[in-house]
A.B. asks: 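Quick one: this structure, given as structure tokens, is what I'll be asking you about.
Nothing fancy with the numbering, it's 1 onward along the sequence.
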Amino acid sequence: MGLPPINPRKKVTLNTLQSMYKKGEKITMITAHDFPSAHVAEHAGMDMILVGDSLAMVALGMEDTSEVLVEEMLLHCRSVARATSRAFTVGDLPMGSYEISPQQALSTAIRFIKEGRVSAVKLEGGAEMAPTIRAITTAGIPVLAHIGLTPQRQNALGGFRVQGKSKESAKRLLRDALAVQEAGAFAMLVEAVPQEVAAFITSLLKVPTIGIGAGSGTSGQVLVQADMTGNFPPGRFLPKFVKKYGDVWGEALRAIETYRDEVKGGSYPAVEHTYPMAKEEVEAFVGDVKRLMNANASAEAKWEGEKDA
């Protein structure tokens, strides 16, 4: 587990997030998909950790988010939950687990809380998902809404396209925001929306907005951890809004290549990487084994001679 965070803090709750929002303090959110990624996010002091369905690509090697299953998401949620004691955790409901009916969505959300051990759930969609959000929140489960670009619906949207770029589409986005707020969402993720539109909508709401590709006028920001830490091979496409803060791939590649070379060359493990044994104990051990081997060899030779006779 390692040492606890250097500056321990109280657990982030819905009240904490609402207080930050009212004070104008930006809310920080990042994705995590397993124990190590959640552990480092927790130590870095993230306010919120999202177990996003983006793990379909970054952790499971799938083509897009539509492939990941509820059971797979729950496994990753549990892993993240074990590493977090302070950050507010949110589990992403995967495609096909909530769209059929509010009852289906509530059933899935309950599993995420009970089995996934997260604090809230996230689902994609605007005004059309208001009844679903209301059903889940009425049952006492916090919901983070997701409007703007909704990746699970990329085929219906014509791909990964910026939303709200025209007057009418911006109005639809505002209607979506107001609808999910009225339905009880404690906050909403706003993805791939012009900065001016996101900022204006944020100013009209009573709950926080968490932007991703929506400019700096939102109440907070979220990024996919693998993207912002640079944990991917060269040449991989990155959305315009991603800022690469590190080069985890490069550091890991350098370390593993160095390990390979040292093993091949015999310089690893060195003496400092081994466990000592008293010289006299080594000599006694080797001596006993050699005597036993000699005795066994003599007995075997004698047996062979008797067999030949």
A.B. asks: Using a cut-off of 6.0 Å, state whether more than 12 heavy atoms not belonging to Glu182 lie near its atom CD.
C.D. replies: no

A.B. asks: Checking Gln163 against Ser169: is there a side-chain donor and acceptor pair closer than 3.5 Å?
C.D. replies: no

A.B. asks: Would a hydrophobic clustering, with Ile, Leu, Val, Met, Phe, Trp and Tyr connected at side-chain separations under 4.5 Å, put Ile133 with Met95?
C.D. replies: no

A.B. asks: A quick test of your reading: do over 12 heavy atoms of other residues, nucleotides or ligands sit less than 6.0 Å from CZ of Arg117?
C.D. replies: no

A.B. asks: So which atom in Pro151 and which in Leu149 form the shortest heavy-atom distance, rounded to 0.1 Å?
C.D. replies: CD-O, 3.4 Å

A.B. asks: Taking atom CE as the centre, does Met277 end up with more than 12 heavy-atom neighbours from other residues, nucleotides or ligands that are less than 6.0 angstrom away?
C.D. replies: yes

A.B. asks: Can you tell me how far apart CD1 (Ile212) and CD (Gln221) are? Round to the nearest 0.5 Å.
C.D. replies: 8.5 Å

A.B. asks: If you take all heavy atoms of Ala185 and Val207, which pair is closest and at what distance?
C.D. replies: O-CG1, 3.7 Å

A.B. asks: Indicate yes or no for a side-chain donor-acceptor contact from Thr209 to the backbone of Ser219 under 3.5 Å, with no hydrogens or angles considered.
C.D. replies: yes

A.B. asks: Can you hop from Phe88 to Phe112 via hydrophobic side chains spaced under 4.5 Å?
C.D. replies: yes

A.B. asks: Is there a continuous path of hydrophobic side-chain contacts, each under 4.5 Å between heavy atoms, that joins Tyr21 to Phe186?
C.D. replies: no

A.B. asks: In this structure, which one of Val90, Val51, Leu144, Val143 forms a side chain to side chain contact (heavy atoms under 4.5 Å, CB included) with Val121?
C.D. replies: Val143

A.B. asks: For Asp92 and Asp53, indicate whether the former's side chain and the latter's backbone hold a donor-acceptor pair under 3.5 Å.
C.D. replies: yes

A.B. asks: Which heavy atom of Ala198 sits nearest to which heavy atom of Ala214, and what is that distance?
C.D. replies: CB-O, 3.3 Å

A.B. asks: Looking at His76 and Ala59, what are the two nearest heavy atoms and their distance?
C.D. replies: CE1-CB, 4.1 Å

A.B. asks: Is there a donor-acceptor pair closer than 3.5 Å between any side-chain N or O of Thr108 and the backbone N or O of Ser97?
C.D. replies: yes

A.B. asks: I'd like to know if the side chain of Thr258 pairs up with that of Asp261 as donor and acceptor (distance under 3.5 Å, no hydrogens or angles considered).
C.D. replies: no

A.B. asks: Will you find, in the side chains of Thr28 and Asp47, an N or O donor that is under 3.5 Å from an N or O acceptor?
C.D. replies: yes

A.B. asks: Does any non-hydrogen side-chain atom of Ile49 lie less than 4.5 Å from one of Met29?
C.D. replies: no

A.B. asks: Check Gln225 against Ala41 and note the closest heavy-atom contact, atom names and distance.
C.D. replies: NE2-CB, 4.3 Å

A.B. asks: Please say whether more than 12 non-hydrogen atoms of neighbouring residues, nucleotides or ligands are located less than 6.0 Å from CD in Glu63.
C.D. replies: no

A.B. asks: Between Gln181 and Lys206, does a side-chain contact (heavy atoms from CB on, under 4.5 Å) hold up when you go through it step by step?
C.D. replies: CA-CA 8 Å; Gln181 173 182 260; Lys206 298 177 181 177; 3.6 Å; yes

A.B. asks: Could you go through the side-chain contact (heavy atoms from CB on, under 4.5 Å) check for Met48 and Leu17 one step at a time?
C.D. replies: CA-CA 9 Å; Met48 301 176 69; Leu17 297 173; 3.9 Å; yes

A.B. asks: Test of understanding: clusters of I, L, V, M, F, W, Y form through side-chain heavy atoms closer than 4.5 Å, transitively. Do Trp249 and Leu238 belong to the same one?
C.D. replies: no

A.B. asks: Does the side chain of Thr218 pick up a donor-acceptor pair with the side chain of Thr202 at under 3.5 Å?
C.D. replies: no

A.B. asks: What is the distance from atom SG of Cys77 to atom CD1 of Ile113, rounded to the nearest 0.5 Å?
C.D. replies: 9.0 Å

A.B. asks: With Glu115, which of Ile110, Val70, Leu75, Leu74 fulfils side chain to side chain contact (heavy atoms under 4.5 Å, CB included)?
C.D. replies: Leu74

A.B. asks: Say whether Gln152 and Tyr98, considering side chains only, have a donor N or O and an acceptor N or O under 3.5 Å apart.
C.D. replies: yes

A.B. asks: Could you tell me how the ring of His39 sits relative to the ring of Phe35: parallel (under 30°), tilted (30 to 60°) or perpendicular (over 60°)?
C.D. replies: tilted

A.B. asks: Tell me whether the centres of the aromatic rings in Phe232 and Phe237 are closer together than 6.0 Å.
C.D. replies: no

A.B. asks: Honestly curious: do Val162 and Met188 fall in one hydrophobic cluster under the side-chain, below-4.5 Å linking rule?
C.D. replies: no

A.B. asks: When you look at Arg254 and Glu257, which way does the salt bridge (Lys or Arg N to Asp or Glu O under 4.0 Å) test go after all the steps?
C.D. replies: CA-CA 5 Å; Arg254 180 198 60 77; Glu257 287 177 339; over 6 Å; no

A.B. asks: Only one of Val224, Thr31, Val68 forms a side chain to side chain contact (heavy atoms under 4.5 Å, CB included) with Leu55, so which one is it?
C.D. replies: Val68

A.B. asks: Name the orientation class of the two ring planes belonging to Tyr268 and His273 (parallel below 30°, tilted from 30 to 60°, perpendicular beyond 60°).
C.D. replies: tilted

A.B. asks: Answer yes or no: does atom NZ of Lys165 have more than 12 heavy-atom neighbours from other residues, nucleotides or ligands under 6.0 Å?
C.D. replies: no

A.B. asks: Let's go through Asp64 and Ser66 carefully: what are the C-alpha distance in whole Å and the side-chain angles of both, what is the deciding distance for side chain to side chain donor-acceptor pair (under 3.5 Å) to 0.1 Å, and is it a yes or a no?
C.D. replies: CA-CA 6 Å; Asp64 55 51; Ser66 66; 2.4 Å; yes

A.B. asks: Going through the distances and angles, do Glu25 and Ile27 end up as a side-chain contact (heavy atoms from CB on, under 4.5 Å)?
C.D. replies: CA-CA 6 Å; Glu25 179 182 347; Ile27 297 170; over 6 Å; no

A.B. asks: When you measure from the side chain of Glu262 to the backbone of Pro269, do you find a donor-acceptor pair of N or O atoms at a distance under 3.5 Å?
C.D. replies: no

A.B. asks: Determine whether Leu204 and Ile201 satisfy the following criterion, side-chain contact (heavy atoms from CB on, under 4.5 Å), listing intermediate values before the conclusion.
C.D. replies: CA-CA 5 Å; Leu204 299 177; Ile201 290 176; 5.7 Å; no

A.B. asks: Could you check whether any side-chain heavy atom of Glu191 comes within less than 4.5 Å of a side-chain heavy atom of Thr150, counting everything from C-beta outward?
C.D. replies: no

A.B. asks: Quick check against the 3.5 Å criterion: does Ser107 have a side-chain atom that pairs as donor or acceptor with the backbone of Gln104?
C.D. replies: no

A.B. asks: Evaluate salt bridge (Lys or Arg N to Asp or Glu O under 4.0 Å) for Glu42 paired with Arg9, printing each intermediate quantity in order.
C.D. replies: CA-CA 10 Å; Glu42 172 88 351; Arg9 55 179 180 158; 5.0 Å; no

A.B. asks: Got a second to check how far Ser85's OG is from Lys11's NZ, nearest 0.5 Å?
C.D. replies: 7.0 Å

A.B. asks: Which heavy atom of Ala177 sits nearest a heavy atom of Val180, and at what distance?
C.D. replies: O-CG2, 3.3 Å

A.B. asks: Got a sec: does the CZ of Phe241 have more than 12 other heavy atoms crowding it under 6.0 Å?
C.D. replies: yes

